[in-house]
Amino acid sequence: MTIDLRSDTVTKPSKGMLKVMLSAEVGDDVFREDTTVNELETVVAKMFGKETALFFPSGTMANQTAIKLHTQPGDQVICDKYAHIYNYESGGVAFNSGVSCNLIDGERGMFTAEQIKQAINPNAYYYSKTSLVEIENTTNKGGGACWDFNEILKIKQVCNENNLGIHLDGARLWNALVVKNETAQQYGQVFDTISVCFSKGLGCPVGSVLIGDHEIMKDAIRTRKVFGGNMRQAGYLAAAALYALENNIGRLTEDHQKAKEIGEMLSTLSVVKHVEPIETNIVIFELSPDVDEEQFTQKLKENNILIIGMGGGKLRMVTHLDYTDAMHEKVLDFIKTF
Ligand SMILES: *Cc1c(COP(=O)(O)O)cnc(C)c1O
């Protein structure tokens with residue numbers, strides 16, 4: 001039995017999910033005739049209180065489309081130095097939209113309205129035009145940290161005053177909603193566009209959705225096509241997402257609990273120097289300087305426990321719906337021996 005804690009993307013569709021996938025009603029989504037895709041888009045748009053939504057094959061493509069919709073070549077996007085759009089989307093902001101990023105030196109992937117004010121370029125022709133602020137919740141590289149919604153409201157205020165768009169990379173927004181007892185609606189009221197992911201904590205094989213009102217979203221489908229993201233009978237995938245919305249959000253608390261327990265165990269070990277605060281399902285920790293990272297992960301691997309390095313001496317473990325109670329017990333028992 002391999003215990004894979006590298007990411008919450010390693011889950012496989014459950015029997016229940018597969019069942020609804022196999023019985024999904026589908027059609028050609030390029031003709032917009034896939035009733036299950038249409039249903040998912042309607043459900044998600046409504047959930048966030050927005051006018052429309054569009055299904056994507058990946059979170060990367062949903063984010064990249066959003067950036068394209070908000071910017072013109074030469075513009076600048078404000079985001080945290082840890083942002084997924086900057087670090088892990090293959091330079092897509094430059095490749096796809098011809099924009100640069102003004103990186104904020106935030107805390108665990110989060111920043112303040114004050115920091116945004118400082119980062120907006122003056123309105124002179126020789127500066128690049130600041131046109132978009134991007135926020136990630138929960139933060140991936142920041143260890144699953146959740147934003148303070150009050151700070152988001154302050155940032156929205158700054159965006160309004162400076163005529164800036166605001167996009168949320170909500171790949172793991174579900175985790176934040178559960179932990180902070182927040183609603184999709186309240187995020188819908190603040191952000192112009194929101195991407196959410198179904199293949200992270202929610203256990204789907206594929207799928208993300210970009211949400212927004214008609215005005216900003218009017219070219220989203222064209223951009224998705226340009227990026228090669230049009231799909232045909234995608235209803236099989238949309239059915240999985242609908243199933244996940246029904247069945248797999250509330251249970252995220254179990255992943256969070258397990259992550260906390262792993263973190264607590266790690267922090268008792270002499271080989272571990274530091275464990276970052278654990279708010280959701282991501283555990284990021286650093287080994288003591290005298291411990292070899294390679295050896296540490298190898299030893300776990302020999303015991304069928306897979307984790308991942310984040311660079312800079314940081315290691316990551318992510319809990320998810322295929323990480324069972326039995327696996328959890330085994331992991332805690334094994335970690336204890338270090
Ligand atoms: C995984 C992730 C994405 C991208 O999702 P893919 O479906 O892998 O392209 C975007 N943002 C964040 C914060 C993520 O963790």
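Numbering of ligands and ligand atoms starts at 1, following listing order. Position 1 is the first residue of the sequence; numbering continues from there.
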- Kindly indicate whether the side chain of Phe198, heavy atoms from C-beta on, has any atom under 4.5 Å from the side chain of Asn248. no

- Pocket residues around ligand 1 (non-hydrogen, under 4.0 Å) come out as Ser58, Gly59, Thr60, Asn63, His84, Glu89, Glu136, Asn140, Asp169, Ala171, Arg172, Lys200

- Task: Could you list all the salt bridge (Lys or Arg N to Asp or Glu O under 4.0 Å) pairs where at least one residue sits in residues 155-181, not counting sequence neighbours?
- Result: Asp8-Arg172, Lys156-Asp192

- Message: Ignoring hydrogens and geometry beyond distance, is a side-chain donor-acceptor pair present between Thr193 and His167 at under 3.5 Å?
- Response: yes

- Item | Backbone N/O of Ala239 and side chain of Thr36: donor-acceptor pair under 3.5 Å | no

- Message: On a heavy-atom basis, which atom in Arg316 and which in Ser7 lie closest, and how many Å separate them?
- Response: NH2-CB, 3.7 Å

- Message: So, taking the atom named CD1 in Ile104 and the one named CD in Glu114, what distance separates them when rounded to the nearest 0.5 Å?
- Response: 11.0 Å

